[in-house]
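A note on names: the letters A, B, ... follow the listed sequences, proteins ahead of strands, and every chain is numbered from 1. Reckoned from all heavy atoms, side chains included, excluding hydrogens, waters and symmetry mates. Quick caveat: nothing in here was measured; it's all calculated off a predicted structure.
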Amino acid sequence: MLKTRDCGDLRPTDVGDRVTLAGWVHRRRDHGGLIFIDLRDRSGLAQIVFNPESHPETHDRADALRNEWVVQIEGEVTRRPAGTENAKIATGEVEIVATSLTVLNPSLTPPFAINDDSPVDEALRLEYRYLDLRKEGMQRNLKLRHRVTRYIRDFLDARGFLEIETPMLIKSTPEGARDYLVPSRISPGHFYALPQSPQQLKQLLMVAGFDRYYQIVRCFRDEDLRADRQPEFTQLDLEMSFVEEQDILALMEELFAGLVESVTPHLKTSRPFPRLTYAEAMDRYGTDKPDLRFGLELVDLADIAVETELGIFRSAVDQGGTVKGFVAPGCAGYTRRQINELIEFVQARGAKGLVTIALAEGKSLDEMELGDVRSQVTRFLSMDQVRRMAQRAGAGPGDMMLIVAGETSVANTALAQLRNEIGRRLGLADPSVLAFAFVVDFPLVKWNADEKRWDALHHPFTSVKAEDLPLLDTDPGRARSQAYDMVCNGFELSSGSIRIHERHLQEKMFELLGYTPDEIEQRFGHLLRAFDYGTPPHGGIAYGFDRIVMILAGSDNIRDVIAFPKTQSATDLLMGAPSPVDPQQLADLHLRLLE
RNA sequence: GGCCCCGUGGUGUAGCCUGGCUUAACACACCACACUGUCAAUGUGGAGAUCGCCGGUUCGAAUCCGGUCGGGGUCGCCA
């Protein structure tokens with residue numbers, strides 16, 4: 001080894017030891033006489049002192065050192081002179097008096113500073129990712145990621161789970177996300193797909209009797225990117241046999257409560273994790289992934305809205321839509337400009353507009369008159385109507401009601417995001433809190449108006465709740481599934497379900513989804529045949545692993561917890577992927593490019 | 001596919017709205033010199049950008065307009 005100790009581990013108990021260290025020059029302070037170097041390795045920083053009197057030759061050579069040079073230093077660990085300790089670093093009580101210096105490799109001046117955390121253009125960071133990863137924050141994130149991985153593996157291992165790998169080259173299943181395809185050289189004109197998730201494979205492992213399976217596995221989806229979505233991402237995928245929904249939820253709550261306690265104890269969670277139905281979540285928050293760190297719950301105002309003279313309220317309800325809103329506490333003083341920002345905010349998310357009703361401070365709701373109400377639409381409202389809306393929403397003097405009318409899903413989407421925005425503006429989302437929750441009782445299917453058919457909400461292997469089974473023949477849209485999500489702070493962390501394990505039910509589901517018998521055989525024949533051979537009841541869940549780490553790291557961007565992420569246009573700025581390939585490679589694969 | 005934001009020395013920004021007063025400013029980094037207890041070392045000096053690219057308007061463009069490329073956010077999409 002070129003080193004005997006790690007920089008960051010040195011302590012007063014090591015004083016007197018002769019050590020050899022190796023690492024990067026983090027910072028250099030040249031006093032003409034004394035030269036100080038902060039030497040950095042994975043473990044942290046240690047101060048090296050070059051003394052021109054005791055070791056003149058070594059001191060002379062230290063004169064040439066610059067940031068990010070890789071050096072090896074021999075020296076003696078000494079206690080720093082009284083008064084020169086540095087409480088800001090873990091090794092601040094000691095320093096290493098260098099007796100020899102070897103430059104292992106010099107460095108160009110890096111394109112951005114490694115030794116501070118000032119913001120750098122992300123394209124530049126990605127181009128020089130190996131330098132970006134040297135920075136403290138990224139080192140911390142990837143170490144956290146490792147500890148999360150390790151905790152999960154230990155936890156599941158202790159409960160009898162087996163980690164089993166599944167193939168990366170599998171059969172394309174056109175439904176769901178767009179597949180990444182891999183052409184076959186040996187079978188001309190045929191393609192593999194990279195897995196969107198190991199869904200069918202893990203179900204086949206249940207058929208095989210592996211009982212409790214998990215995998216931390218790369219998945220691929222060729223869809224547009226977002227701050228929390230990459231084309232290749234990692235899932236914590238697991239599946240169990242002979243379980244019911246409650247077994248899985250209980251296990252996952254235990255896993256995540258323990259994970260946070262062990263890995264990020266500075267973050268607060270509360271147990272039990274709340275469980276709300278999909279219908280409740282949509283009613284109260286307008287989304288199936290609510291941020292539960294704050295209230296600002298939505299209320300339905302449709303019945304009052306139809307009594308008003310306001311056309312947009314009445315027509316929304318007449319056309320089968322909704323009128324919902326929530327209270328922005330203490331925001332009655334919002335300026336015209338601030339209100340316009342909110343209106344633009346909801347319009348950018350599809351809503352026609354936003355009705356704001358501000359209640360002046362100073363009078364109780366009962367004493368208030370229309371003159372105390374500030375709104376674009378006061379002339380269409382009576383004080384009684386305003387008062388009843390305020391009472392229902394929980395608005396009082398000094399508050400502002402925010403109301404959206406329109407088609408239900410559009411109004412919900414706009415209000416859900418507006419709720420997050422108001423929560424953010426008012427500082428209601430405590431960054432030290434992880435508000436985990438389960439959302440349960442998802443609908444089994446939703447109507448696809450474009451294609452005029454039912455689509456699976458989760459996936460076609462999800463089983464219906466037993467009591468809703470008859471609805472499959474009469475009113476599929478009302479049938480609830482045994483599907484569940486885990487959410488946290490407004491992010492969907494995972495989805496899972498109890499699966500169908502009987503051939504006739506799976507066939508029935510495929511038929512409901514509009515597949516012909518030929519298509520069923522072509523796409524899912526392997527699964528249905530497996531179901532003929534004694535398939536246990538089973539279910540599972542799959543987490544967006546990167547999102548878990550992102551939330552634990554306190555980041556709002558998945559790229560911050562991935563070593564080599566891709567840009568929003570799915571390119572790799574470091575390696576330059578994707579790239580053209582040699583014509584011979586295409587020929588080997590029986591491919592020809594269209595112009 | 002739609003919408004929005006950003007692009008100025010190595011890095012981060014100001015200047016842009018309201019074109020000329022800019023020889024494009026500031027901080028950090030870089031280079032040189034000085035300096036024996038600093039730790040964001042300090043002091044003095046120096047070098048470094050024709051303002052992403054192309055075109056247009058104008059007597060004159062970093063500044064206005066169009067296009068394009070790159071990055072980011074978002075809607076659609078993500079069973």
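- The CZ-P distance, from A:Arg27 to B:U42, rounds to 10 Å in whole Å.
- At the heavy-atom level, A:Arg559 lies under 4.0 Å from the strands shown only through sugar-phosphate atoms.
- As rounded to whole Å, 16 Å separates atom P of B:G73 from atom CZ of A:Phe345.
- Using P as the reference atom, B:G56 and B:A61 are 12 Å apart when rounded to the nearest Å.
- B:C4 and B:G43 have their C1' atoms separated by 47 Å, with the value rounded to a whole Å.
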message = Evaluate A:Asp455 against A:Arg453 for salt bridge (Lys or Arg N to Asp or Glu O under 4.0 Å), listing each step before the verdict.
response = CA-CA 6 Å; A:Asp455 280 347; A:Arg453 61 153 198 254; 2.8 Å; yes
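- Base pairing annotation: B:G45 forms a Watson-Crick or G-U wobble pair with B:C31, both donor-acceptor distances under 3.5 Å.
- For the pair A:Phe510 CZ and B:A79 C1', the computed distance is 11 Å after rounding to whole Å.
- Listed pair A:Gln199 / B:A79 fails the phosphate criterion, with no side-chain N or O lying under 4.0 Å from OP1 or OP2.
- Judged by distance alone with a 3.5 Å cut-off, no donor-acceptor contact links the side chain of A:Arg66 to the base of B:C31.
- A salt bridge links A:Arg425 with A:Glu341: at least one charged nitrogen is closer than 4.0 Å to a carboxylate oxygen.
- If you take atom P in B:C17 and the same atom in B:U63, they sit 9 Å apart, rounded to whole Å.
- A:Leu573 comes within contact range of the sugar-phosphate backbone alone, with a heavy-atom separation under 4.0 Å but no base atom that close.
- Counting non-hydrogen atoms under 4.0 angstrom, A:Thr567 reaches the backbone sugars and phosphates but no base.
- Atom-to-atom, CG of A:Asp546 to P of B:C78 comes out at 20 Å; the value is rounded to the nearest Å.
- Judged by closest nucleotide on RNA chain B, A:Asp116 is the one of A:Asp455 and A:Asp116 placed further toward the 5' end.
- Looking at heavy-atom distances under 4.0 Å, A:Arg349 makes no contact with the nucleic acid at all.
- If you check every strand for non-hydrogen atoms under 4.0 Å, A:Leu457 touches sugar and phosphate atoms only.
- Look at A:Glu421 and A:Arg424 and you find a salt bridge, because one of the NZ, NE, NH1 or NH2 atoms lies within 4.0 Å of a carboxylate O, short of that distance.
- Within the nucleic acid shown, A:Thr571 comes within 4.0 Å of sugar-phosphate atoms alone, with no base atom in reach, counting heavy atoms only.
- Partner assigned to B:G70 is B:C6, using Watson-Crick or G-U wobble distances below 3.5 angstrom.
- Heavy atoms of A:Gln417 sit under 4.0 angstrom from primed sugar atoms or phosphate atoms, though from no base atom.
- As a whole-Å value, the separation of A:Asn420 CG from B:C75 P is 11 Å.
- Using a 4.0 Å heavy-atom cutoff across all strands shown, A:Asn557 reaches sugar-phosphate atoms only and no base atom.
- Note on A:Ala177: only backbone sugar-phosphate atoms sit closer than 4.0 angstrom, heavy atoms only; bases stay farther off.
- Contact annotation: A:Arg221 reaches the phosphate of B:A79 (side-chain N/O to OP1 or OP2, under 4.0 Å).
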task = Any chance you could lay out the salt bridge (Lys or Arg N to Asp or Glu O under 4.0 Å) test for A:Lys289 and A:Asp485, step after step, and finish with the verdict?
result = CA-CA 8 Å; A:Lys289 47 180 178 179; A:Asp485 279 2; over 6 Å; no
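- Here the separation of B:A14 from B:U58, taken at their C1' atoms, is 26 Å to the nearest Å.
- If you check distances only, the side chain of A:Arg226 does reach the base of B:G76 with a donor-acceptor pair under 3.5 Å.
- Scored by the ring-ring contact (aromatic ring centres under 6.0 Å, His included) test, A:Phe531 finds no partners at all (sequence neighbours excluded).
- Closest to the side chain of A:Phe112, from the set B:U11, B:A40, B:U74, is B:U11.
- Checked by distance alone, A:Asp121 brings no side-chain donor or acceptor within 3.5 Å of a matching partner on the base of B:G7.
- Taking the charged nitrogens against the carboxylate oxygens, A:Glu68 and A:Arg28 have no contact shorter than 4.0 Å, which rules out a salt bridge.
- Counting any heavy atom pair closer than 4.0 Å across all strands shown, A:Asn67 reaches sugar-phosphate atoms only and no base atom.
- If you take atom C1' in B:U42 and the same atom in B:G60, they sit 46 Å apart, rounded to whole Å.
- Pairing for B:C51 is absent, judged as Watson-Crick or G-U wobble with the two contacts each under 3.5 Å.
- In this structure, A:Trp454 has its ring center closer than 6.0 angstrom to the ring center of A:Trp447.
- Both geometric conditions, a ring-centre gap below 5.5 Å and a plane tilt below 30°, are not fulfilled together for A:His31 over the base of B:G37.
- The nucleotide whose nearest atom lies closest to any side-chain atom of A:Arg29 is, among B:G37, B:A79, B:C39, B:C39.
- Among the heavy atoms of the strands lying under 4.0 Å from A:Leu124 are primed sugar atoms or P, OP1, OP2 only; no base atom is included.
- B:C26 and B:G12 make up a base pair, with Watson-Crick or G-U wobble contacts both under 3.5 Å.
- Across every strand in view, B:C59 sits in a pair with B:G20 that passes the Watson-Crick or G-U test at under 3.5 angstrom.
- The residue A:Asn86 sits close to a base: some heavy atom pair falls under 4.0 Å.
- Atom-to-atom, NE2 of A:His26 to C1' of B:A29 comes out at 14 Å; the value is rounded to the nearest Å.
- Here, B:C5 and B:G66 have their P atoms 12 Å apart, quoted to the whole Å.
- Note: CG (A:Leu45) to C1' (B:A40) measures 13 Å, nearest angstrom.
- Picking from B:A40, B:C39, B:C78 the nucleotide with the shortest atom distance to the side chain of A:Lys88 gives B:A40.
- The base of B:U38 sits with one of its N or O atoms less than 3.5 Å from a complementary donor or acceptor on the side chain of A:Gln47.
- Note on A:Ala348: nothing from the nucleic acid sits closer than 4.0 angstrom, heavy atoms only.
- Checked against B:G10, B:A79, B:C30, the side chain of A:Pro111 finds its nearest nucleotide in B:G10.
- Remark: A:Thr462 is not in phosphate contact with B:A79, judged by side-chain N or O atoms under 4.0 Å from OP1 or OP2.
- Expressed to the nearest 0.5 Å, how far CD of A:Glu74 lies from CD1 of A:Ile48 amounts to 11.5 Å.
- With respect to A:Arg229 and A:Asp224, no salt bridge is recorded, no charged nitrogen being found less than 4.0 Å from a carboxylate O.
- Closest to the side chain of A:Thr84, out of B:A79, B:C30, B:G37, is B:G37.
- Within 4.0 Å of A:Glu85, counting heavy atoms only, lies at least one base atom of the nucleic acid.
- Evaluation of atom-type donor-acceptor distances gives a pair under 3.5 Å for the side chain of A:Glu95 against the base of B:G37.
- Comparing atom distances between the A:Val120 side chain and each of B:U11, B:C78, B:A40 picks out B:U11 as nearest.
- Within 3.5 Å, a donor on the side chain of A:Arg80 pairs with an acceptor on the base of B:C39, or the reverse.
- Nearest nucleotide to the side chain of A:Glu223, out of B:U74, B:C77, B:A40: B:C77.
- Scanning both residues, A:Val561 and A:Ala553, for their nearest heavy atoms gives CG1-CB, 4.1 Å.
- A:Glu341 places its CD atom 14 Å from the C1' atom of B:C4, with the value rounded to the nearest Å.
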